[in-house]
Amino acid sequence: MLKVAFIGVGKIGQTIAYSVIFDGLAKEAILYDIIPELPEKFEHELRHAIATRGLDTEVIGTNSLDDVNNADVILIMAGKPRKPGMSRRDLFVDNAKIQIDLAQKLPPRNPGAIYIMVANPVDMMASVFMRFSKQFTISTGDQVETMRLRSFIAKKLKVPVNKVSGYVAGEHGEDAVVLWSTVKVNGKPFDEVAKGLSKEEVENYVKSIPGEIIRVMGGTTWGPATIIKDIVRAIALNEGRVMSIATPRTYQGEIVHISVPTVVGAEIGPSLEPVLPQADKERLNKAVEDFYKVYKENLDHLLQTIKQ
Ligand SMILES: NC(=O)c1ccc[n+]([C@@H]2O[C@H](COP(=O)([O-])OP(=O)(O)OC[C@H]3O[C@@H](n4cnc5c(N)ncnc54)[C@H](O)[C@@H]3O)[C@@H](O)[C@H]2O)c1
C-alpha cells in the first residue's frame, strides 16, 4: 500500500481520494488544498466513512505543503475546471502557473515520487510540471476517452462492456484519436460487428460527452475519478495493465505528453506504439506534431507572462 498525496481536493480530487482509499490502495492519504479548512473537513468526512468500513488508512487534511512529504504517488488536481463552452486549452495559463509553483515546492519534500497530472489541459500540464520539476510525470491522458469509447460501443451494440476492447490515443480532448485497429467486440474487428454504428458516431460521442456532462452536472467526476483510481491501482498492485495514459517523450527538444496504450505497473512502460499498424503510428506522429505546435505557442506565451 502506498502513501498517496492529493493536491487539490475539489470536485474531482475528492472523488479520486474516496475511490483510492475505498479500493484499499493507500496506507496514508494526504489531502491538500489552498481553501482554508476544506482539506480538514474533508478529512473528517473520510474518517467517518473509513470508520464504517474499519479500514486502517491514515488520512491527513492540510493547508500546508510541509505536510505533503515522502509520498509514493502524487495526484495533481489543483487548477480551474472548464465552464460550459470552454475548451480545456483555455485553462492553460492559469493552471500552468499553479503547476510551476507546485513543481518547485513538491519534489524536495517527496524524493522518488511518481506524479500523476489530472488538472487540464492535462497533457500540457504534465509537460509543464515535468519541465519545471524535472520529475517523472504522467498524464491521465486518454484512458478516460478509452473507457468512454468502450462504454458507448457496448451500449449501442448491446454487448457486455467487458467484451469490448480498444484504445483512444493522442491528446486528451478535441484531438484524441481512436485507434480503430485495436477496437474489437467479442474479439472481432469493429467493422465486422458494427451493425450500422458508424465510427463517426462513436468518435463524436467520445469527444462531446464530457462537455454535455459539464453543461448539466457542472463537471465530470465519477467516470474520470474511477478511471484515474484504476491508474493508481495498476501502479500500487503492479498490475501491468495496458492503459492509454500519456507518458513523456522529447520532441524538438521539449518534453511532450501524448497518450499511447502503455503497460502500467510499479514501472510505467513499455508502450505498445512499436507494434501498432503504420496508419495508427502516423496518426500518433501527427498528434505529437499538433500537440507540440499548440503547446509551444502556449508555453512561449506563458514564459513571457511570467517574466513580466
Ligand atoms: N484528467 C481528467 O480526465 C479530468 C477530469 C475532470 C477534471 N479534470 C480537471 O481537474 C481540475 C480540477 O477540476 P475540479 O472539477 O475538481 O475543480 P474544482 O474547482 O472543484 O477543484 C479544484 C481545486 O483545486 C484547488 N486549488 C487551486 N489552486 C491550488 C493550489 N495552488 N494548490 C492546491 N490546490 C489548489 C482549488 O482550491 C479547488 O479546491 C480541472 O482543471 C479540471 O478540468 C481533469
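Counting starts at 1 for both ligands and their atoms, in listed order. What you see is a predicted model, and the numbers here were worked out from it, not measured in a lab.
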Non-neighbouring partners of Asp175 that pass side chain to side chain contact (heavy atoms under 4.5 Å, CB included), sequence neighbours left out =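 Result, side chain to side chain contact (heavy atoms under 4.5 Å, CB included) vs Asp175: Arg89, Glu171.
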
query = Mind checking whether Phe6 and Tyr32 have ring centres under 6.0 Å apart?
reply =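 No.
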
For ligand 1, which atoms sit closer than 4.0 Å to a heavy atom of [X]?
X     : answer
Gly10 : 16 (O), 20 (O), 21 (O), 23 (C), 39 (O)
Gly8  : 24 (O), 34 (N)
Pro81 : 13 (O), 15 (O), 17 (O), 19 (O), 40 (C), 42 (C), 43 (O)

Taking non-hydrogen atoms only, is [X] closer than 4.0 angstrom to ligand 1 via side chain, backbone, both or neither?
X      : result
Lys11  : both
Asp101 : neither
His172 : side chain
Val144 : side chain

key: Heteroatom distance test (Thr140, ligand 1): nitrogen or oxygen, under 3.5 angstrom   =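 Thr140 vs ligand 1: N/O contact under 3.5 Å present.
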
task = Return the minimal non-hydrogen interatomic distance between Gln143 and Met243, and the atom names on each side.
result =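 In this case the closest contact between Gln143 and Met243 is OE1-CA, 3.3 Å.
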
request  = Taking all heavy atoms of His257 and all of Ala246, pick out the closest pair and write down the distance.
outcome  =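 That closest heavy-atom pairing would be CD2-O, 3.5 Å.
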
key: Quiz item: cation-pi between Arg47 and Phe42, 6.0 Å / 45°   =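 Pair Arg47/Phe42 does not count as cation-pi.
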
